[in-house]
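Since the structure is predicted, the reported quantities are computational estimates derived from the model, not experimental observations. Sequence lines set the chain letters: A, B, ... in the order given, protein chains first and strands last, and positions in each chain run from 1.
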Protein chains: 2
Amino acid sequence: MAAKRSGAQSKRSQRVGVSLQSVQEPRSEPPLSLERIVAAAIELLDAQGIDGLKMRRLADRLGSGVMSLYWHVNNKEDVFDLALDSVLEYRGPPQIVESQDWRGEVVHMLEDWRASMLRHPWSALLLPRRALGPNILSRLELLSKTLSRAGVADADLNVAIWSLWNYVMGATITRASFDLSDDDRAAAQQHLTRCSERYPTIERSRLLLDNDWDGAFRKGLDFLLDGLAPRQ
Amino acid sequence: MAAKRSGAQSKRSQRVGVSLQSVQEPRSEPPLSLERIVAAAIELLDAQGIDGLKMRRLADRLGSGVMSLYWHVNNKEDVFDLALDSVLEYRGPPQIVESQDWRGEVVHMLEDWRASMLRHPWSALLLPRRALGPNILSRLELLSKTLSRAGVADADLNVAIWSLWNYVMGATITRASFDLSDDDRAAAQQHLTRCSERYPTIERSRLLLDNDWDGAFRKGLDFLLDGLAPRQ
DNA sequence: ACCTGAACACCGTTCAAGT
DNA sequence: ACCTGAACACCGTTCAAGT
């Protein structure tokens, strides 16, 4: 993934002598680094979306020439991969208690996963196309371990993981891409009303106006967990 | 969506007189039309993927200049929208019987949905970003109607629809984008094995090698339907 | 009504240098 | 080790015409 960087990231030189000067000229950019690039990429993606990330724009934000980026990164794909995995870091639950409440743990993990992605809506759209970075794998590992400890048989483990993964990804991607403005949503529903002879049922239930996404997510998740729960 | 086409699509002139000649020169392209453009776009997407669809390449395939496309279509987005909805047309179940087996119907509809998308893997990746075309809405309508007739209360209908939608979309998108070659999959699992101290559980369960996608899809779907089924 | 080529603005990346 | 500008290949689309 990351190209030819040496172990230079810990260099972060602390030349305290210039700190007063740098107050005067706060625009003197620190040197380029993978961390700065990834951070700027995330900002840019948050602000402008997937199509808004251009190498030149990224370089502008960092106060460097475009081609400087290419010393730290192989290509644009790299930037996407790094931004995505960076955003999915899991800061586990506060307590490390060996809880008995496996179901609560799983729900917490998956809701956190979804929340992390919704904080950066582009990440949900990006995930399917990208490699599984270390943070994603860690989340999968933790989920597996919890289910396994809860008593899910090894033979059922993969089905459980993939069912939950599919559901969470689907819910998050849908939510992230259907999160229209109120105007857009109203317009869509109105379009539906105009065609109400063709789509009477979804028009009546006002499907496109319903936006209790969190509640719907939680309910479907509960159904899945009911089914996946180990029998005793 | 579609730009300034007149009602010209039914023109399909049958000048039988030239039919013999056209055997001689089978490369004489028929005139451009929305249908031909969409069909060619689907072919191109099937062959080269999302990034492989370029306006110039599309024009080449159709034996026309690039800019000719723009008379039939507003822009590239249009091509995506049309190709996507075209691929999602639902040819319902053969019998129109008012079946009692609502659950079987729902499973059939959703498996067909998934199968249609997997036949054109780019469609799964494309769907989240696009508007809901008529074929997608028809599928949603049919699903709603079936669930409603089965006894799902109006208040629960939207949750049911969105849960199923989320699950199907997640499963399909995941399947479409994780459908690596055997080599790639083995390489990914090997990478996991190298880091097995960090990911012991998913390494042990060989998560990335598991490829009973259809079975896993079906099982998770059953769990959801168990939960969504109307109580009596 | 339908098609076209030239041209523009833009974008990712190669290359050959610079320090 | 790190950064740079010039240049290339490519791509979506505007425009002003053609028939």
Side-chain angles (χ1 to χ4, degrees), chain A residues 1-13 15 27-38 40-41 44-45 47-83 126 129-130, chain B residues 1-13 15 27-38 40-41 44-45 47-83 126 129-130:
Chain A
M1 262 183 183
K4 331 119 196 176
R5 81 202 123 123
S6 57
Q9 33 238 45
S10 57
K11 236 189 237 167
R12 212 164 293 205
S13 58
R15 290 184 279 142
R27 270 289 137 257
S28 86
E29 307 284 353
L32 233 40
S33 70
L34 244 201
E35 292 84 24
R36 284 192 67 227
I37 292 176
V38 173
L44 196 50
L45 285 163
Q48 321 245 20
I50 292 184
D51 294 333
L53 178 58
K54 325 249 159 142
M55 295 305 269
R56 289 173 219 257
R57 227 181 272 180
L58 187 54
D60 273 359
R61 285 213 170 202
L62 292 162
S64 75
V66 207
M67 293 316 298
S68 312
L69 300 174
Y70 285 82
W71 195 88
H72 302 266
V73 140
N74 273 325
N75 46 37
K76 197 178 170 182
E77 301 277 283
D78 255 21
V79 180
F80 278 128
D81 284 339
L82 292 166
L126 224 44
R129 294 221 252 171
R130 311 262 133 223
Chain B
M1 263 182 182
K4 330 116 195 181
R5 81 202 123 123
S6 58
Q9 34 238 46
S10 56
K11 235 188 237 166
R12 212 165 294 205
S13 58
R15 288 185 280 144
R27 268 290 137 254
S28 86
E29 307 284 354
L32 233 40
S33 70
L34 244 202
E35 292 84 25
R36 283 193 68 225
I37 291 176
V38 173
L44 196 49
L45 284 163
Q48 321 246 18
I50 292 184
D51 295 333
L53 178 59
K54 326 250 159 140
M55 296 304 270
R56 289 174 219 257
R57 227 180 273 180
L58 186 53
D60 273 359
R61 286 213 170 202
L62 292 161
S64 75
V66 206
M67 293 316 297
S68 313
L69 301 173
Y70 284 83
W71 194 88
H72 303 266
V73 139
N74 274 325
N75 47 38
K76 196 179 169 179
E77 301 278 283
D78 255 23
V79 180
F80 279 128
D81 284 339
L82 293 166
L126 225 43
R129 295 221 251 171
R130 312 264 131 221

With a 4.5 Å limit on heavy-atom distance, are the side chains of B:Arg36 and B:His72 in contact? no
Any idea which heavy atoms bring A:Ser68 and A:Leu32 closest together, and the distance? CB-CD2, 3.7 Å
Does any part of the side chain of A:Leu82, heavy atoms only, come nearer than 4.5 Å to the side chain of A:Ile37, both counted from C-beta? no
C1' gap between C:dA1 and D:dA17, integer Å: 15 Å
For nucleotides D:dA9 and C:dC10, find the distance between their C1' atoms and express it as a whole number of Å. 13 Å
Rounded to whole angstrom units, what separation is found between the CE atom of A:Met67 and the P atom of D:dT4? 11 Å
Stems involving DNA chain D, each a run of at least 3 consecutive Watson-Crick or G-U pairs under 3.5 Å: C:4-8 with D:12-16, C:12-16 with D:4-8
Drop me the distance from A:Leu53's CG to A:Leu45's CG, to the nearest 0.5 angstrom. 4.5 Å
Ignoring backbone atoms, establish whether A:Ser68 has a side-chain N or O less than 4.0 Å from OP1 or OP2 of D:dT4. yes
Closest non-hydrogen atom pair between A:Ala40 and A:Leu62, with its separation: CB-CD2, 3.7 Å
Which whole-number value in Å describes the distance from B:Arg36 CZ to C:dC3 C1'? 13 Å
Sorted by chain and residue number, the side-chain contact (heavy atoms from CB on, under 4.5 Å) partners of A:Asn75 (sequence neighbours excluded) come out as A:Glu77, A:Asp78
Considering all heavy atoms, the nearest B:Ala41-B:Val79 contact: CB-CG1, 3.6 Å
Could you pull out the protein-nucleic contacts involving nucleotides 7-12 of chain D (nitrogen or oxygen on both sides, under 3.5 Å)?
unit_1	atom_1	unit_2	atom_2	d
D:dC11	OP1	B:Lys54	NZ	3.2
D:dG12	OP1	B:Lys76	NZ	2.6
D:dG12	OP2	B:Met55	N	3.0
D:dG12	N7	B:Arg56	NH2	2.5
D:dG12	O6	B:Arg56	NH2	2.7

Distance check: side-chain N/O of A:His72 vs OP1/OP2 of D:dC3, anything under 4.0 Å? yes
If you measure from the C1' atom in C:dA7 to the same atom in D:dC11, how many Å do you get, rounded? 13 Å
Rounded at 0.5 Å granularity, tell me how far CG in B:Leu69 sits from CG in B:Leu34. 10.5 Å
Return the value, rounded to whole Å, for the distance between atom CG of B:Leu69 and atom P of C:dA1. 19 Å
So, taking the atom named CD1 in A:Ile50 and the one named CZ in A:Phe80, what distance separates them when rounded to the nearest 0.5 Å? 6.0 Å
Nearest listed nucleotide, side chain of A:Val66, among C:dT13, D:dA1, C:dC3: C:dT13
